[in-house]
Amino acid sequence: MRTDTHHLTAARVTATPRITVVGTGYLGATHAICMAQLGYEVLGVDVDTAKIDALRSGRVPFHEPGLPEALDQAMSTGRLDFTTDFSRAAQFGDIHFLCVGTPQKPGSQAADLRFVEAAATQLAAQITGPALIVGKSTVPVGTAAMLRERVRTLSPAGRALDLAWNPEFLREGFAVQDTLHPDRLVFGVASTWAEQVLRGVYRPILEEGTPVVVSDLATSELVKVAANSFLATKISYINAMAEVCEAVDADVGDLARALAHDDRIGGRFLRPGLGFGGGCLPKDIRAFQHRARELGAGAAVRFLEDVDAINARRRSRTVELVRELAGGSLLGVRIAALGAAFKPDSDDVRDSPALDVAHRLHREGADVVVYDPEAAENAHRVHPDLPLAASLTEAMRGAQVTVLLTEWDEFREARPESLAALVAEPRVLDARDALDARGYTRAGWAYRTLGRPFAPVPSAAHPTSAAVAVREEELELCTAAAEDAEPVPLPAEP
Ligand code: UGA
């Protein structure tokens, strides 16, 4: 890999760019690895020495399916390296992707721009020739224009340095696929040169027929928060319907399926349950409200307050239902909490509904044991007081109530009969609507989920076969109509 100082012409930047990626979290590490896979020489940069050391030694410091193999491949080409040295990065790169975090500011709804500002200015101060800084982080509208002015004023390269915005839409769990084969690319540019550079660097992806939307800086920033707000709204919409269903003993599962048949609505992100979490959706809808208020457009996105509130109520409702299943009090009740990650195939516990519910149950005096296939370490870092099990079996043994909080395959695929043999009382709350309700009922479990009518909880420690038969009959009645109509399952995430 070349690391010499070079003075490229603007044309060279367009033709054979060398790439740096600043910030090597989920977004940046994936972007760096995928860019190297596309054939570029890439240097990943981070201030976190531990992360850089891990990546340099070929280890991905978080759980992301397919990424370790992709890192291996990219490293073996010799085109990918990682560093903590910003001046090396400034000299090396023609295109600098900013992939640093923009978390929620403590005590405010606003996004914390410290990292993005530091990364842009630190690089710019040391860039001496034509180059393009490309922001990928999710930022409040107006940030890119402000940063563009700032980096051009600050940099020895002056007007030869440009800045564009290119929001990222990758999902954790599908990061490699989403990076190499995105639904669309969005280029926010303030010059035709920046557009040319972006079209050049993404050529292999554009050649696959990927649609591209070229717009101004502000619009590109807005596309990202608009997309995440829409997804959050869709999830909260179906969860609001779940609340109404609960008030009349209607079935939100059937309701969602019926809505999904309408192509205009569609079934994706219409899965009722415990709601959204993670490092993106929750903080993005809050930062959007904050920024809109600053711009005098707060009324336009005030509905996002409700989206957030509906989402929060699902967590309280889950705690309430576990309490009901436990017979009215959580004190000393042994609970198996299945899942801590904010969604399956991720070890991310940021704003995780699962971890939040588990911790609330623990705080209310329940004897909670959490099991997550990947997120135990992160969960322990956030809540060191929360007992963790090393396996599903260990978590389930002796449980009086089981609550499914993250829909990992390991939980979906476990046999209800085998699990029933482990617990003290076969009572399960499926807060992700992910388990086979009939299978659980047949195996003698009192099965409940959010937004759906439920069979009465048996009073005995283990239900009698008569009680099971009654519940099965009730369930047949509940589902018969839907079966006649050949229910369409909600499309699973690809
Ligand atoms: C989200 C967006 O989907 C990505 O497009 C975006 O790039 C990313 O944020 C980001 O801004 O970086 P991600 O946070 O990885 O991606 O997770 P999602 O798959 O969107 O799931 C978010 C939450 O919604 C999870 O807690 C999930 O369990 C929940 N969810 C999802 C539901 O409760 N119901 C659904 O039907 C779908």
Side-chain angles (χ1 to χ4, degrees), residues 23 25-31 62-65 99-104 111 136-139 166-179 182-186 221 223-242 252-253 256-257 259-260 265-288 307-308 310-315 318 339-357 375 404-408 431-434 449-451 489-494:
Y26 287 95
L27 168 57
T30 309
H31 194 66
F62 49 84
H63 178 77
E64 180 59 45
C99 296
V100 294
T102 50
Q104 189 172 341
K136 289 189 82 64
S137 310
T138 305
V139 289
N166 164 225
E168 179 57 58
F169 303 99
L170 71 77
R171 297 156 301 165
E172 291 180 23
F174 303 93
V176 176
Q177 159 77 15
D178 286 353
T179 303
D183 291 338
R184 77 297 212 185
L185 289 168
V186 176
E221 294 167 308
V223 169
K224 176 59 191 273
V225 283
N228 276 1
S229 299
F230 189 86
L231 294 172
T233 302
K234 207 170 171 193
I235 297 167
S236 275
Y237 180 83
I238 199 62
N239 284 336
M241 295 306 107
V252 74
R257 267 197 299 279
L259 292 183
I265 298 174
R268 297 182 67 188
F269 274 70
L270 205 62
R271 234 179 36 243
L274 183 49
F276 59 83
C280 303
L281 263 48
K283 64 110 175 145
D284 286 355
I285 61 169
R286 293 170 199 149
F288 194 14
V307 168
D308 212 357
I310 292 163
N311 197 49
R313 284 204 296 274
R314 287 293 79 186
R315 300 180 186 191
T318 301
F342 83 106
K343 67 173 188 181
D345 297 318
S346 168
D347 63 356
D348 197 343
V349 297
R350 286 177 294 172
D351 210 332
S352 167
L355 190 57
D356 186 24
V357 166
L404 178 90
L405 299 169
T406 312
E407 66 277 32
W408 285 95
R432 290 291 182 182
D433 197 14
T449 186
L450 304 175
L490 286 177
E493 293 307 305

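Start at 1 and go down the list; that is how both ligands and their atoms are numbered.
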Tell me which part of [X] gets within contact of ligand 1: side chain, backbone, both or neither, using heavy atoms under 4.0 Å.
X      : value
Asn228 : side chain
Arg432 : side chain
Lys224 : side chain
Leu231 : side chain

Checking Arg271 against Asp433 for the salt bridge (charged side-chain N to carboxylate O under 4.0 Å, His left out) test, could you report, in this order, the C-alpha distance in whole Å, the side-chain angles of both residues, the deciding distance, and whether it holds? CA-CA 8 Å; Arg271 234 179 36 243; Asp433 197 14; over 6 Å; no
If you round to the nearest 0.5 Å, how far is NZ of Lys224 from SG of Cys280? 5.5 Å
Measure the CG-OG1 distance between Asp356 and Thr318 for me, rounded to the nearest 0.5 Å. 10.0 Å
Numbering the atoms of ligand 1 from 1, which are under 4.0 Å from a heavy atom of [X]?
X      : value
Leu281 : 1 (C), 9 (O), 22 (C)
Ile235 : 24 (O), 29 (C), 30 (N), 31 (C), 32 (C), 33 (O), 34 (N), 35 (C), 37 (C)
Glu172 : 15 (O)
Leu270 : 36 (O)
Phe169 : 4 (C), 5 (O), 6 (C), 7 (O)

Arg171 bridged to Glu64 by N-O distance under 4.0 Å: no
When you check the gap from the basic side-chain N to the acidic O, do Asp351 and Arg315 get nearer than 4.0 Å?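 Result for this pair is yes, salt bridge flagged.
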Nearest candidate to [atom], where distance is taken over non-hydrogen atoms, out of [options]:
atom                    : options                        : answer
atom 6 (C) of ligand 1  : Leu170, Asn311, Asp433, Asn239 : Leu170
atom 36 (O) of ligand 1 : Arg271, Arg350, Lys136, Glu407 : Arg271
atom 24 (O) of ligand 1 : Tyr26, Phe276, Phe269          : Phe276

Nearest heavy atoms of [X] and [Y], plus distance in Å:
X      : Y      : answer
Pro182 : Leu185 : CG-CD2, 4.0 Å
Thr406 : Ala354 : OG1-CB, 3.2 Å
Arg432 : Phe342 : NH2-O, 3.8 Å

Give a yes/no verdict on whether any heavy atom in Gly277 is under 4.0 Å from an atom of ligand 1.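 Yes, that is the case, since the closest heavy atom of the residue is under 4.0 Å from the ligand.
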For Cys280 and ligand 1, answer yes if some heavy atom of the residue is under 4.0 Å from a ligand atom, otherwise no.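 A heavy atom of Cys280 does come that close to ligand 1.
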I want to check a possible cation-pi pair here: Arg184 against Phe169, using under 6.0 Å from ring centre and within 45° of the ring axis as the test.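 Yes.
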Check whether any N or O atom of Phe342, backbone or side chain, sits under 3.5 Å from an N or O atom of ligand 1, and answer yes or no.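 N/O-N/O distance below 3.5 Å exists for this pair.
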Is the closest side-chain heavy-atom distance between Tyr26 and Ser346 below 4.5 Å? yes
